[in-house]
Amino acid sequence: MDTQYQIVIADDHPLFRTALLQAVKAAAPNADIHEADSVDNLLRLLDELKTPDLLLLDLKMPGANGFSALTHLHAQHAGIPVVIVSASEEIEVVRKAQQLGAMGFIPKSSPLSKMVSAIEQLLEGNSSFPEGYETHADMPALDPIAERLANLTPQQYKVLVMLNEGLLNKQIAYELSVSEATIKAHVTAIFRKLDVKNRTQAVIALQQMELEPEQ
C-alpha cells in the first residue's frame with residue numbers, strides 16, 4: 001500500500017503497542033502513526049488529528065471503562081473507523097463491539113500475520129472480525145445506557161470518568177484546569193443526559209459498560 005495513512009494506536013501496554021506498531025508498518029509502510037496510552041491522551045490526539053484513517057483501540061486502558069470509550073468515540077468522532085484490539089475475545093464482547101460501532105475486532109492472541117491482514121482489510125474500507133464470528137448487518141438497537149453516554153460531550157465524558165475514580169468536584173476542577181463551578185455545571189448536565197439523580201447512579205451507569213460478557 002503506497003497511500004500515506006494516518007493511524008492511531010491506543011493501548012496502555014508498551015509491549016503490545018510495539019506489536020501493533022509492527023503490524024501497522026507491515027500493512028501500511030508509509031503510515032503516519034500516532035500512539036496514546038490513555039483515553040484522555042487519545043482525545044487530545046484526536047482533537048489535533050481531526051479524522052485519522054484508522055483507530056486501533058484497547059478496551060482496557062486508563063479512562064476506557066470497557067465499552068464506554070468506544071461508545072463515546074463513535075458518537076463524537078463518527079468519521080473515524082475504529083477497530084477494537086482486546087484480550088477479551090468472547091463472542092458476546094465481539095458482538096457488543098460491533099453493535100457499538102466498531103468496524104473490526106482483533107484478538108490480542110492473534111499472530112502478527114493476522115493482525116496485518118486485518119489492518120489491510122480495514123484500510124481498504126472493509127470490516128474485519130475474528131474467523132468464525134458471523135457479522136450482523138441488522139444489529140439490535142443500542143441499549144439506553146449506551147445511547148445516553150453517546151450524548152455526553154468530550155469534557156463531560158472526562159468528568160464522568162473522574163467521578164468513577166472517586167474524585168471530588170474540587171479535584172476534578174484542578175485536574176482539568178477549570179473552575180469548580182464549571183465542573184458543577186458539567187455534573188448537572190451529566191445527570192440530566194444519563195437520566196440519573198446523583199453521582200452514585202452516574203457511576204453505576206458508566207460501570208454498566210464494563211467488559212463482562214452479557215449473561
Side-chain angles (χ1 to χ4, degrees), residues 8 10-12 36-51 55 57-82 84 86 88 90 92-103 139-215:
V8 177
D11 193 301
D12 67 326
D37 60 2
S38 69
V39 171
D40 196 33
N41 289 337
L42 173 60
L43 292 174
R44 279 198 216 101
L45 187 57
L46 293 180
D47 282 342
E48 295 171 16
L49 299 177
K50 301 306 179 190
T51 310
L55 167 59
L57 177 67
D58 181 19
L59 290 175
K60 286 187 176 178
M61 65 176 177
N65 295 93
F67 292 108
S68 65
L70 172 59
T71 302
H72 178 72
L73 288 165
H74 185 60
Q76 298 295 324
H77 300 275
I80 303 174
V82 180
I84 296 302
S86 179
S88 300
E90 297 88 349
E92 292 88 345
V93 173
V94 180
R95 185 181 298 123
K96 185 83 169 179
Q98 187 192 0
Q99 181 192 25
L100 293 171
M103 288 288 294
M139 295 296 289
L142 288 182
D143 61 69
I145 294 298
E147 287 185 341
R148 291 169 194 160
L149 281 169
N151 288 326
L152 298 181
T153 67
Q155 195 78 334
Q156 288 164 1
Y157 179 76
K158 286 183 189 177
V159 171
L160 178 57
V161 169
M162 290 180 173
L163 291 178
N164 185 50
E165 292 167 355
L167 298 186
L168 302 173
N169 288 357
K170 180 168 57 178
Q171 295 169 308
I172 297 172
Y174 176 79
E175 291 290 332
L176 297 181
S177 300
V178 298
S179 70
E180 194 171 346
T182 297
I183 297 304
K184 286 179 180 176
H186 282 320
V187 170
T188 299
I190 290 167
F191 290 175
R192 176 174 51 78
K193 289 183 177 181
L194 296 185
D195 192 23
V196 298
K197 292 182 171 61
N198 54 47
R199 295 165 73 101
T200 301
Q201 290 178 351
V203 166
I204 289 171
L206 182 67
Q207 291 173 349
Q208 285 179 20
M209 299 300 291
E210 292 291 352
L211 266 183
E212 286 76 17
E214 298 167 355
Q215 300 299 315

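Quick caveat, the model's predicted, so the values are computed rather than measured.
Atoms CE and CG, from M103 and L55 in turn, are 12.5 Å apart once rounded to the nearest 0.5 Å. Atom CG of L168 sits about 8.5 Å away from atom CD of E180, to the nearest 0.5 Å. The structure places CG of L176 at 6.5 Å from NZ of K158, a figure rounded to the nearest 0.5 Å. Taking CG from L42 and CG from D12, the interatomic distance works out to 12.0 Å, rounded to the nearest 0.5 Å. From L149, atom CG reaches atom OG of S68 across 6.5 Å, with rounding to the nearest 0.5 Å. From T71, atom OG1 reaches atom CZ of R148 across 13.0 Å, with rounding to the nearest 0.5 Å.
Across V178 and Q155, no two heavy atoms sit closer than the pair CG1-NE2, 4.4 Å. Taking every heavy atom of both residues into account, P81 and G79 meet most closely at CD-O, 3.4 Å.
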Report, one line per pair, each donor and acceptor closer than 3.5 Å where one atom sits in a side chain of residues 189-199; sequence neighbours left out.
| residue | atom | partner | partner atom | Å |
| --- | --- | --- | --- | --- |
| K193 | NZ | N151 | O | 3.0 |
| K193 | NZ | Q156 | OE1 | 3.0 |
| N198 | OD1 | T200 | N | 3.2 |
| N198 | OD1 | Q201 | N | 2.8 |
| R199 | NH1 | N169 | OD1 | 2.8 |
| R199 | NH2 | L167 | O | 2.6 |

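Residues satisfying the side chain to side chain contact (heavy atoms under 4.5 Å, CB included) criterion with N41, sequence neighbours excluded, are A36, D37, S38, R44.
Within the 4.5 Å cutoff, no side-chain heavy atoms of V187 are placed close to those of I172. Residues M61 and V39 meet the side-chain proximity criterion, which asks for heavy atoms closer than 4.5 Å.
Exactly one residue among L46, L73, V8, L49 makes a side-chain contact (heavy atoms from CB on, under 4.5 Å) with I80. That residue is L46. Shown are L59, L100, V94, D58; of these, the side-chain contact (heavy atoms from CB on, under 4.5 Å) with I84 is made only by L59.
Every pair passing ring-ring contact (aromatic ring centres under 6.0 Å, His included) that includes a residue from residues 152-179 is listed here, sequence neighbours excluded: H72-Y157.
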